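First the structure, in the form of structure tokens, and then the observations on it.
Atom set for the values below is all heavy atoms of this structure, side chains included, hydrogens, waters and symmetry mates excluded. Numbering of residues begins at 1 and proceeds along the displayed sequence. It should be emphasised that the depicted structure is a prediction, and the values quoted were computed from it without experimental measurement.
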Amino acid sequence: MYKLPALPYLFQDLEPYIDTHTMGLHYHKHQQNYLNKLNALLIKNNYNFQYPINDLFYHIDEFNKEDQADILYNLGGVLNHNLYFRSMSPKQNQKPTGKLKEAIDKKYGDFDLFFDKFKEMAMSLKGSGYTFLVIDDHGNLKIINVANQDMPISLGYVPLFNMDMWEHAYYLNYKNEKEDYIDNFKIISDFTNASKIYNSIMKD
């Protein structure tokens with residue numbers, strides 16, 4: 001069965017921006033619940049876990065049609081959280097590097113102007129979901145919102161970085177003050193993983 005990847009930091013390491021209790025609940029309860037449901041659905045379909053979890057989306061037609069929507073929903077719950085937890089770190093202000101930095105500077109002017117757009121998009125999200133930085137099929141950067149546990153790959157995008165805008169990600173710390181959560185998320189945002197993905201894809 002699939003397992004959650006270990007986080008590269010401790011729950012308390014993101015204090016005071018995200019508290020230890022929120023991180024523990026988010027990882028051990030919310031994300032683990034998506035993974036448990038996903039594994040149960042896959043076992044129901046006699047799946048032998050032969051694909052890496054990141055490739056499972058591309059094999060969805062191999063499963064019973066009546067289970068496909070639930071598989072995708074719970075897969076999104078795992079993969080979106082995987083990226084979210086890798087989109088922040090206690091190191092603070094880990095900005096884009098290499099070709100990703102160049103692309104962001106070219107399109108948005110600089111990192112701060114980019115994050116202003118990212119914040120604007122996040123604030124426009126209605127209900128639960130995520131704000132993503134993605135690459136489209138022409139290699140262009142885009143900032144998008146997805147609802148619930150939808151995945152950018154289902155829209156033809158490669159996800160680079162995201163911010164969880166479900167209430168469970170911030171409510172214990174910020175209540176309904178989403179803007180404060182976003183501003184503090186910028187401080188602990190880490191684009192190391194995003195830069196690696198983008199620089200690998202755009203290496204030519």
Side-chain angles (χ1 to χ4, degrees), residues 2-10 13-14 17-18 23 26-27 31 35 51-60 72 75-125 129-146 149-165 169 181-204:
Y2 294 121
K3 297 180 180 180
L4 294 184
L7 298 185
Y9 46 81
L10 302 176
D13 288 348
L14 299 180
Y17 308 104
I18 301 178
M23 286 296 299
H26 207 161
Y27 181 80
Q31 190 183 17
L35 183 69
Y51 305 120
I53 192 169
N54 288 334
D55 294 341
L56 192 58
F57 170 82
Y58 302 104
H59 300 277
I60 192 63
L72 290 176
L75 177 64
V78 176
L79 297 185
N80 291 341
H81 279 107
N82 284 349
L83 185 60
Y84 172 66
F85 290 131
R86 295 193 68 181
S87 293
M88 54 187 178
S89 80
K91 296 178 182 178
Q92 300 189 14
N93 300 305
Q94 297 296 299
K95 296 180 180 179
T97 59
K99 292 183 180 297
L100 179 57
K101 179 186 184 302
E102 294 172 7
I104 285 176
D105 289 350
K106 181 177 180 180
K107 181 162 186 176
Y108 300 101
D110 61 27
F111 177 76
D112 289 330
L113 291 172
F114 153 74
F115 209 91
D116 287 345
K117 292 293 185 183
F118 193 83
K119 176 181 176 179
E120 182 181 334
M121 181 65 76
M123 290 297 294
S124 74
L125 179 64
Y130 297 78
T131 301
F132 276 87
L133 175 65
V134 300
I135 312 174
D136 68 16
D137 55 5
H138 298 293
N140 301 311
L141 294 176
K142 294 188 68 174
I143 301 170
I144 66 167
N145 287 333
V146 301
Q149 296 299 349
D150 290 348
M151 294 176 287
I153 54 175
S154 68
L155 303 172
Y157 299 124
V158 177
L160 299 175
F161 175 92
N162 75 8
M163 179 169 57
D164 192 336
M165 293 301 296
Y181 164 64
I182 297 168
D183 288 341
N184 282 333
F185 182 82
K186 181 182 179 183
I187 297 172
I188 55 174
S189 65
D190 190 329
F191 282 80
T192 304
N193 183 59
S195 297
K196 181 179 178 181
I197 297 169
Y198 184 87
N199 296 341
S200 174
I201 292 174
M202 306 300 288
K203 59 186 176 182
D204 297 332

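Under the side chain to side chain contact (heavy atoms under 4.5 Å, CB included) criterion, Thr97 pairs with Ser195, Asn199, not counting sequence neighbours. Residues meeting the side chain to side chain donor-acceptor pair (under 3.5 Å) test with Tyr17, sequence neighbours left out: none. Evaluation of the ring-ring contact (aromatic ring centres under 6.0 Å, His included) rule for Tyr9 yields no partner, not counting sequence neighbours. Checked against side chain to side chain contact (heavy atoms under 4.5 Å, CB included), Asn140 has the following partners two or more places apart in sequence or in another chain: Asp136, His138. Annotation: ring-ring contact (aromatic ring centres under 6.0 Å, His included) contacts of Tyr108 (sequence neighbours excluded): Phe114. With sequence neighbours left out, Leu10 forms a side chain to side chain contact (heavy atoms under 4.5 Å, CB included) with Gln12, Asp13. Under the rule for a side chain to side chain contact (heavy atoms under 4.5 Å, CB included), the partners of Asp150 that lie at least two apart in sequence or sit in another chain are Val146, Ala147. Legend: residues meeting salt bridge (charged side-chain N to carboxylate O under 4.0 Å, His left out) with Asp183, ordered by chain and number and at least two apart, are Lys119. Evaluation of the ring-ring contact (aromatic ring centres under 6.0 Å, His included) rule for Tyr2 yields Phe49 as partners, not counting sequence neighbours. The salt bridge (charged side-chain N to carboxylate O under 4.0 Å, His left out) search around Asp112 returns Lys186, not counting sequence neighbours. Taking the side chain to side chain donor-acceptor pair (under 3.5 Å) definition, one finds that Asp55 meets it with nothing, sequence neighbours left out. Listed by chain and residue number, Lys101 satisfy the salt bridge (charged side-chain N to carboxylate O under 4.0 Å, His left out) test with Asp105 (two or more places apart in sequence, or in another chain).
Within 6.0 Å of NZ on Lys107 lie more than 12 heavy atoms contributed by other residues, nucleotides or ligands.
Closest of all the heavy-atom pairs between Leu160 and Leu83 is O-CD1, 3.6 Å. Closest non-hydrogen pair, Asp190 versus Ser89, comes out as OD2-OG, 2.7 Å. Of all heavy-atom pairs spanning Ile104 and Asp110, the tightest one is CG2-O, 4.1 Å. Considering all non-hydrogen atoms of both residues, Leu14 and Met23 come closest at CD1-SD, 3.8 Å. Of all non-hydrogen atoms in Phe118 and Thr131, the two that sit nearest each other are CZ-O, 3.4 Å.
Counting heavy atoms from C-beta outward, Leu100 and Leu141 have side chains that approach closer than 4.5 Å. By the 4.5 Å heavy-atom criterion applied to side chains, Tyr157 and Phe132 are not counted as neighbours. Contact annotation: the side chain of Tyr198 never approaches that of Leu133 to less than 4.5 Å [non-hydrogen atoms, C-beta and beyond]. A 4.5 Å side-chain heavy-atom check between Met163 and Met88 finds every atom pair outside the cut-off. Side-chain contact between Tyr181 and Met165 is present, with at least one heavy-atom pair separated by less than 4.5 Å. Between Asn193 and Ser87, every side-chain heavy-atom pair lies at or beyond the 4.5 Å cut-off. At a threshold of 4.5 Å between non-hydrogen side-chain atoms, the residues Gln149 and Leu79 do not count as touching. Taking 4.5 Å as the limit, some side-chain heavy atom of His26 sits within range of a side-chain heavy atom of Asp164.
Between Tyr84 and Phe185, the ring planes lie parallel to each other; the angle is under 30°, not in the 30° to 60° tilted range. Between Phe161 and Phe191, the ring planes are parallel. Angles under 30° get that label, and only those over 60° would be called perpendicular.
Gln31 places a side-chain N or O within donor-acceptor distance of the main-chain N or O of Val78, the cut-off being under 3.5 Å. Asn162 places a side-chain N or O within 3.5 Å of a backbone atom of Asn80 that can act as its donor or acceptor partner. Between the side chain of Ser200 and the main chain of Ile197, no donor-acceptor pair closer than 3.5 Å is present.
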